Amino acid sequence: MTNASPSPPLLSPPRPRTVAASPPTRLAHTVFAVRDYDLARTLTSGQTFRWRRAGAGWEGVLGTRWVRLQEQPGGIAATALDPGSDWAWLRDYLQVDTDLARVLASFPDDPALGAAVRAAHGLRLLRQDPWECLASFLLSATKRIVQIEHIVALLCRRFGQPLPTPAGCPTEFAFPTPARLGACGESDLRDCKMGFRAPHLRASALAVASGQLDMAALAALPLAVARDRLMDLPGVGPKIADCVLLFSLGHPQAFPVDVWVARALRQFYFAGRTVTTDQLRAFACHHFGPFSGYAQQYLFDYLRRGSRRAQDGAPAIRSAVDSGPEVSCV
DNA sequence: GTCCAGGAGCCAT
DNA sequence: ATGGCTCATGGA
């Protein structure tokens, strides 16, 4: 962080500033050689909510580690404190070994998706921690992305473990554990501006903390089974379950249908006819293929950025789609 | 003031 | 099965 104040903004109640007595202050560096990876677009595409721009790079927290990333020719440079024996944890998170060309080659020849892919070259999917992903998307219901980022930041600052950071960087906080959030009162959570989502987060935290739901074991289950387990949680419906499956459990065919994607699918593939979101999801998983989740992320990013550009007064970047032929389906 | 946001649950037909 | 309403919060 280059423009951060030495101490975080005041919050009530104040929390102790104590950090580990002797934090490992030695910086470790590495570079991941990878092509077709747009780091900025990936980190700001609404799949994760804790990365912040820092100069020419990005700073964030993964698990209990502070991390700095910066795109450079031919790869991604990473800095961390005490990375351990290797960088497998970060390599896995960034999914640098994913062959993006193979993903794109699996897509159907499709005007809407084609335009979205051309507009977001290098957009990737991350492999996130399942609990953080579940909790974050529990908070996402009818919220804008900037608001989700704000709520998550409040939550981490109040209930997350303080983490060592390099000299000159503000203290960071781990994402709160299920046990910690389960121990919170509902009003404690509401203080983080999450409104009616507070009881959902609390109940899910308790389910995970008690072992009733084993997030680690979930990754080994088939998509449909894991999806049903997730939807047993209060506040978790099809959309949030699909986000967790796609962004943290390694199911690239999961296809979250939010208001943006639903709108786009209805317009481009159903000519405005009335179809349920469940029908949209079933269509998309088939039409876009085994990596339909990637297609979803390209469409979401394309529409969202196009909309924001339109709001700024510039023409929306949708001409390639609007002028394309309608694809008749179902 | 009104509308809407990476939804889900409940209740009425 | 399906449609409408409600749940907080904040920005346009």
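The structure presented is a predicted model; accordingly, all values stated were derived computationally and were not measured.
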Distance check, P atoms only: dG10(C) and dA8(B), in whole angstrom units. 22 Å

Heavy atoms from C-beta onward define the side chain here; which of dG6(B), dG10(C), dG7(B) lies closest to that of Lys193(A)? dG10(C)

Under 4.0 Å between a side-chain N/O of Arg190(A) and OP1 or OP2 of dA8(C), yes or no? yes

Want to know the stems of DNA chain C: at least 3 consecutive Watson-Crick or G-U pairs with distances under 3.5 Å, which are they? B:2-5 with C:9-12, B:7-13 with C:1-7

Give me the ring orientation class for Phe283(A) and Phe270(A): parallel if the planes are under 30° apart, tilted from 30 to 60°, perpendicular past 60°. perpendicular

Per the salt bridge (Lys or Arg N to Asp or Glu O under 4.0 Å) rule, what does the pair list look like for residues 277-287 of chain A, sequence neighbours excluded? Asp242(A)-Arg281(A), Asp278(A)-Arg281(A)

Expressed as a whole number of Å, how far does the C1' atom of dC7(C) sit from that of dA5(B)? 14 Å

Integer angstrom distance from the C1' of dT6(C) to that of dC4(B): 15 Å

Ring pair (Phe, Tyr, Trp, His ring centres under 6.0 Å) partners of Phe32(A), counting only residues at least two apart: none

NZ/NE/NH1/NH2 to OD/OE distance under 4.0 Å, Arg68(A) and Glu59(A): yes

Tabulated below should be each protein N or O lying under 3.5 Å from an N or O of nucleotides 9-13 of chain B; please produce it.
unit_1 : atom_1 : unit_2    : atom_2 : d
dG9(B) : OP1    : Gly235(A) : N      : 3.1

Between dG6(B), dG7(B), dA5(B), which nucleotide gets closest to the side-chain atoms of Ile240(A)? dG7(B)

Here's one to test your reading of the geometry: is the NZ or CZ of Arg263(A) within 45 degrees of the ring axis of Trp260(A) and under 6.0 Å from its centre? yes

Within-4.5 Å side-chain heavy-atom neighbours: Arg305(A) and Thr44(A): yes

Arg263(A) side-chain N/O to dA5(B) phosphate OP1/OP2 under 4.0 Å: yes

Among residues two or more places apart or on two chains, list those pairs meeting side-chain hydrogen bond (donor to acceptor under 3.5 Å, both in side chains) that have a residue in residues 131-143 of chain A. Thr142(A)-Arg197(A)

Just checking, Arg65(A) and Trp89(A): is the charged tip under 6.0 Å from the six-membered ring centre and within 45° of the axis? yes

With the threshold set at under 4.0 Å for non-hydrogen atoms, list the residues of residues 128-143 of chain A touching DNA chain B in residue-number order. Ser140(A), Ala141(A), Thr142(A), Lys143(A)

Could you work out the separation of dA1(C) and dG6(B) based on their P atoms and round it to a whole Å? 31 Å

Kindly indicate whether the side chain of Gln297(A) and the base of dG6(B) share any N or O donor-acceptor pair separated by less than 3.5 Å? yes

Over how many whole Å does the gap from Phe196(A) atom CZ to dG10(C) atom P extend? 13 Å

